[in-house]
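Worksheet for the structure shown next.
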Amino acid sequence: MVPFTTHMALALSQARDAALRGEVPVGAVVTDPQGRVVAAAGNRTRELSDPTAHAEILAIRAACAALGSERLPGHDLWVTLEPCPMCAAAISAARIARLYYGASDPRMGGVAHGAQVFRHAQCHHRPEVYDGLAAPESRDLLRRFFAQRR
């Protein structure tokens, strides 16, 4: 059995890098079944002029490309903010085994809030979900980012 190791520090680093680029500070990391980092990304929606370029989507795309597969069974996703419905659907489609996230997102979240994608009968795959990891750091990063823009 692989010992539990959190990868939220790397996800937070990716989120901070996104903020420096003027992006909403969200970071994501994909790890393989042995706990090794396969991909990491931060939001790039503005930079790429792509509304789908959320950290989760970019990290999943990179991990799939590295594996040469559209699915990531046994892989985990670490993200600083509760995934939106689009990202939750991608997590399901990629067959991510476990989702770890930091801050909850009552306004735009799609896991514990809003659409609650994994609770729908149409959802083909439901990852194990663990929330609240590094939540204070994730929330503070987002709050500071948006306070600077007001």
Side-chain angles (χ1 to χ4, degrees), residues 1-21 23-45 47-48 50-142 145:
M1 178 174 226
V2 176
F4 179 81
T5 302
T6 183
H7 292 277
M8 287 303 286
L10 179 54
L12 283 162
S13 175
Q14 291 291 320
R16 285 189 289 275
D17 290 348
L20 292 173
R21 294 189 302 271
E23 302 278 357
V24 174
V26 177
V29 176
V30 175
T31 56
D32 70 11
Q34 290 72 44
R36 296 176 298 230
V37 173
V38 178
N43 276 355
R44 292 185 181 273
T45 58
E47 176 185 340
L48 299 176
D50 180 354
T52 69
H54 289 196
E56 302 95 318
I57 299 291
L58 295 174
I60 289 169
R61 285 177 183 163
C64 286
L67 258 63
S69 174
E70 76 281 10
R71 294 193 177 149
L72 302 167
H75 287 65
D76 296 343
L77 178 66
W78 305 79
V79 62
T80 57
L81 182 65
E82 176 183 349
C84 72
M86 173 185 69
C87 292
I91 290 164
S92 177
R95 306 301 194 263
I96 296 287
R98 283 165 296 280
L99 166 64
Y100 300 92
Y101 70 86
S104 294
D105 190 353
R107 192 173 74 80
M108 297 295 295
V111 176
H113 298 89
Q116 299 180 355
V117 171
F118 303 137
R119 293 188 184 176
H120 281 265
Q122 295 87 354
C123 184
H124 297 292
H125 171 77
R126 292 165 182 83
E128 294 174 32
V129 177
Y130 302 91
D131 63 349
L133 280 83
E137 298 94 325
S138 298
R139 268 192 308 274
D140 289 345
L141 186 57
L142 287 158
F145 176 82

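Only a predicted model underlies this, so the values are computations on that prediction, with no experimental measurement involved. Along the sequence shown, the residues carry numbers beginning at 1.
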Which pairs would a plain distance check flag for residues 131-139, meaning a side-chain donor or acceptor within less than 3.5 Å of a matching protein atom at least two apart in sequence or in another chain?
from	atom 1	to	atom 2	distance (Å)
S138	OG	T80	O	3.2
S138	OG	A134	O	3.0

Show every donor-acceptor pair shorter than 3.5 Å between a side-chain atom in residues 88-96 and any protein atom, with sequence neighbours excluded, or say none if there are none.
from	atom 1	to	atom 2	distance (Å)
S92	OG	H125	N	3.3
S92	OG	H125	O	2.8
R95	NH1	S92	O	3.2
R95	NH1	A93	O	3.2

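Checked against a 6.0 Å centroid threshold, the rings of F4 and Y130 do not count as neighbours.
A donor-acceptor contact shorter than 3.5 Å links the side chain of E82 to the backbone of D105. The backbone N or O of A53 lies less than 3.5 Å from no partner atom in the side chain of R61, so there is not a single donor-acceptor pair.
Residues C123 and V117 approach most closely at CB-O, 3.5 Å, considering heavy atoms. Heavy-atom minimum distance, A39 versus A59: CB-O, 3.4 Å. The shortest heavy-atom contact between G35 and H7 is O-NE2, 3.2 Å. Taking each heavy atom of R21 and N43 in turn, the nearest pair found is NH2-O, 2.8 Å. Closest of all the heavy-atom pairs between A55 and A41 is CB-O, 3.6 Å. H113 and S104 get closest at one heavy-atom pair: CE1-CB, 3.7 Å.
Between the CE atom in M86 and the CD1 atom in I57 there is a gap of 4.5 Å [rounded to 0.5 Å]. To the nearest 0.5 angstrom, Y100 atom OH is 7.0 Å from E128 atom CD. Residue H75 holds its NE2 atom at 8.0 Å from CD of Q34, rounded to the nearest 0.5 Å. In this structure, the separation between CG on L58 and CG on L48 is 6.5 Å, given to the nearest 0.5 Å.
Screening V30, V111, V29, V26 for a side chain to side chain contact (heavy atoms under 4.5 Å, CB included) with V79, the sole residue that qualifies is V26.
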For this session: Apply side-chain contact (heavy atoms from CB on, under 4.5 Å) to the pair V129 and Y101, showing each step before the final yes or no.
Result: CA-CA 8 Å; V129 177; Y101 70 86; 3.8 Å; yes
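Taking 4.5 Å as the limit, some side-chain heavy atom of R16 sits within range of a side-chain heavy atom of L141. Using a 4.5 Å heavy-atom threshold, the side chains of E23 and T45 count as touching.
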